[in-house]
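Reading through the structure tokens given below for one structure.
This one's a predicted model, so the numbers in the text were calculated from it and none came from an experiment.
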Amino acid sequence: MLSIARISKGKGPFYQIDLSDGETLQVSEDILVRYRLLKGQELTEDKLAEIKKSTGYDFGLQQALNYLSYQLRTEKEIRIYLKDKEIGQEDRHKIVEKLKELGLIDDLTFGESYVRTNMRLSDKGPKKLAQQMQQKGLSPEVIEQSLSQYPFDEQVENARQTAEKTYEKNRAKSQKDLLRNIQQKLMTKGFTNDVIQEAMQTLPQETDPEAEYELLVQQGEKIWRKNSRFEPQKRKMKVKQSLYQKGFDFEMIQRFILEKEEEASE
């Protein structure tokens, strides 16, 4: 029959029990008291098995509580965490149910908090948040209910701020290309078309022809030099294609090409 060789304080709230055969157990103070474990005490195989079973649940619960102490977690995150800690499936289920009973796991509470936080601190739209919440294990119903925390006007305001910042940082692009890029960026961030159209109304929609042509010349000169190795006709075609892809007006491109041809003939 095995006996307890030593009991010592372990990491955190746990105690280490050294058995006479060299095996060690990590148990909580609750387990010590519940089974009245003392140095020199003999343990039957049945009693040891019972202690180990209780220890798995107790250890997993303490680990889960510690994991939850940093921030809210979803049920899926808790289950994955306990599995990584090698807590048995039966104990994992019991621990999750206990945490739900204590109100420490609630996917709807998590979802609503997640949406409110991102609404204030990030530039993500509802589609992006829904995708992230799905990855965290929230059900479609919970996701839909959580997104009610993100009203339309808040979505428009966040999208508008992102659009204006992007506009200011990319003034070197053509107006058409810039607006197209902003729209694409807002879509990538998870905003709907209705929100995007509303948010972009505050951006300048009319093009200043002279400012636009000045930008075209700046970029056109670089592209012209880059394609200098080609014969004249192919060079002109490549420059036209590049500038058109960048969103510049075709008539302005033609004007630039004519000016370059005049320079070459002088």
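Other residues, nucleotides and ligands contribute only 12 or fewer heavy atoms inside 6.0 Å of the NZ atom of K127. Residue E144 places its CD atom among 12 or fewer non-hydrogen atoms of other residues, nucleotides or ligands, all under 6.0 Å distant. Within 6.0 Å of the CD atom in E97, the count of heavy atoms belonging to other residues, nucleotides or ligands exceeds 12. Around CD of E29, the count of heavy atoms belonging to other residues, nucleotides or ligands within 6.0 Å does not exceed 12. Annotation: E231, atom CD; neighbour count of heavy atoms from other residues, nucleotides and ligands within 6.0 Å is above 12. The environment of E45 atom CD is sparse: at most 12 non-hydrogen atoms of other residues, nucleotides or ligands sit within 6.0 angstrom. Counting non-hydrogen atoms of neighbouring residues, nucleotides and ligands closer than 6.0 angstrom, the CD atom of E251 reaches no more than 12 such neighbours. Summarising the local packing, NZ of K169 is surrounded by 12 or fewer heavy atoms from other residues, nucleotides or ligands at distances under 6.0 Å.
Note that CD of Q149 is 12.0 Å distant from CG of L129, once rounded to the nearest 0.5 Å. For the atom pair OG1 (T74) and CD (Q135), the distance works out to 11.5 Å, reported to the nearest 0.5 Å. Separation of atoms CG (D18) and OG1 (T24) is listed at 6.5 Å; rounding is to 0.5 Å. From E112, atom CD reaches atom CD of Q145 across 6.0 Å, with rounding to the nearest 0.5 Å. Here the straight-line distance linking atom CG of L72 with atom CD of E77 works out to 9.5 Å at 0.5 Å rounding. Expressed to the nearest 0.5 Å, how far CD of Q62 lies from NZ of K85 amounts to 13.0 Å.
A salt bridge links K52 and E23; the closest N-O separation between the charged side-chain nitrogens and carboxylate oxygens is under 4.0 Å. Classification of D177 and K246 as a salt-bridged pair fails, no side-chain N sitting under 4.0 Å from a carboxylate O.
Under the 3.5 Å distance criterion, the side-chain polar atoms of D107 are matched with a main-chain donor or acceptor of E75. Although no hydrogens or angles enter the test, the distance criterion places a donor-acceptor pair under 3.5 Å between the side chain of N118 and the main chain of Y114. Between the side chain of R229 and the main chain of K226, a donor-acceptor pair closer than 3.5 Å is present. D58 contributes no side-chain N or O that, together with a main-chain N or O of S54, makes up a donor-acceptor pair within less than 3.5 Å. Judged purely by atom type and a 3.5 angstrom limit, R92 uses its side chain to pair as donor or acceptor with the backbone of I87. In this structure a side-chain-to-backbone donor-acceptor pair under 3.5 Å is missing from S113 to T109. R235 places a side-chain N or O within donor-acceptor distance of the main-chain N or O of W224, the cut-off being under 3.5 Å. Between the side chain of S20 and the backbone N or O of S3 there is at least one donor-acceptor pair closer than 3.5 Å.
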M237 and Q233: CA distance, side-chain angles, deciding distance, side chain to side chain contact (heavy atoms under 4.5 Å, CB included) verdict
CA-CA 6 Å; M237 181 187 71; Q233 196 61 31; over 6 Å; no

Applying side chain to side chain contact (heavy atoms under 4.5 Å, CB included) to V195 and L186, what does each step give before you reach the verdict?
CA-CA 9 Å; V195 170; L186 292 176; over 6 Å; no

Stepwise, does the side chain to side chain donor-acceptor pair (under 3.5 Å) test hold for Y35 with Q41?
CA-CA 11 Å; Y35 291 98; Q41 180 179 350; over 6 Å; no

Side chain to side chain contact (heavy atoms under 4.5 Å, CB included) assessment of L19 paired with L43:
CA-CA 9 Å; L19 300 177; L43 300 172; 4.1 Å; yes

Go through it in stages, so that I can follow the logic: the residues are I196 and I182, the test is side chain to side chain contact (heavy atoms under 4.5 Å, CB included), and I'd like the CA-CA distance, side-chain angles, deciding distance and then a yes or no.
CA-CA 9 Å; I196 293 171; I182 291 172; over 6 Å; no

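Remark: K176 is positioned above the aromatic ring of Y244, its terminal NZ or CZ atom under 6.0 angstrom from the ring centre and at most 45 degrees off the axis. A cation-pi contact, defined as under 6.0 Å to the ring centre and within 45° of the axis, is absent between K136 and F110.
Summarising the geometry of T55 relative to Q26, their closest heavy-atom pair is CG2-O, 2.7 Å, with the distance given to 0.1 Å. The shortest non-hydrogen separation linking I143 to L138 is CD1-O, 3.6 Å. Across M133 and S146, no two heavy atoms sit closer than the pair SD-CB, 4.2 Å. When every heavy atom of K39 is checked against every heavy atom of A5, the shortest pair comes out as CE-O, 3.3 Å. Nearest approach of I223 to S242, heavy atoms of both residues: CD1-CB, 3.7 Å. Pairing each heavy atom of F191 with each of P126, the nearest pair is CD2-CD, 4.2 Å.
Proximity of V217 to E214: side-chain heavy atoms (C-beta onward) are nowhere separated by under 4.5 Å. Taking the side chain as every heavy atom from C-beta outward, F248 and Q219 approach each other to under 4.5 Å. Looking at E90 and K53, their side chains come closer than 4.5 Å, going by heavy atoms from C-beta outward. Considering only heavy atoms from C-beta on, Q183 stays 4.5 Å or farther from L179 through its side chain. In this structure the side chain of T166 never reaches within 4.5 angstrom of the side chain of N181, judged on heavy atoms. Within the 4.5 Å cutoff, the side chain of E42 has no heavy atoms near those of the K47 side chain. Contact check for L65 versus L104: side-chain heavy atoms found under the 4.5 Å cut-off.
With hydrophobic clusters built from ILVMFWY side chains whose heavy atoms lie under 4.5 angstrom apart, Y81 shares a cluster with Y57. Cluster annotation: F59 is not connected to L48 through the hydrophobic network of ILVMFWY side chains, with a link wherever side-chain heavy atoms come within less than 4.5 Å. When the side chains of ILVMFWY residues are joined at heavy-atom separations under 4.5 Å, either directly or via intervening members, F14 and I17 end up in two distinct hydrophobic clusters. No chain of hydrophobic side-chain contacts below 4.5 Å, direct or via other Ile, Leu, Val, Met, Phe, Trp or Tyr residues, connects L61 to I31. There is no path of hydrophobic side-chain contacts, each under 4.5 Å, that joins V239 to L258.
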For residues 150-161, tabulate all N or O donor-acceptor pairs below 3.5 Å that involve a side-chain atom, not counting sequence neighbours.
residue, atom, partner, partner atom, Å
Y150, OH, K124, O, 3.0
Y150, OH, N158, ND2, 2.9
Q155, NE2, Y150, O, 2.9
E157, OE1, R160, NE, 3.1
E157, OE1, R160, NH2, 3.3
E157, OE2, R160, NH2, 2.5
E157, OE2, Q161, NE2, 2.9
N158, ND2, M119, O, 2.9
R160, NH1, E164, OE1, 2.8
R160, NH1, E164, OE2, 2.9

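In this structure, a donor-acceptor pair under 3.5 Å is present between the side chains of K240 and Q254.
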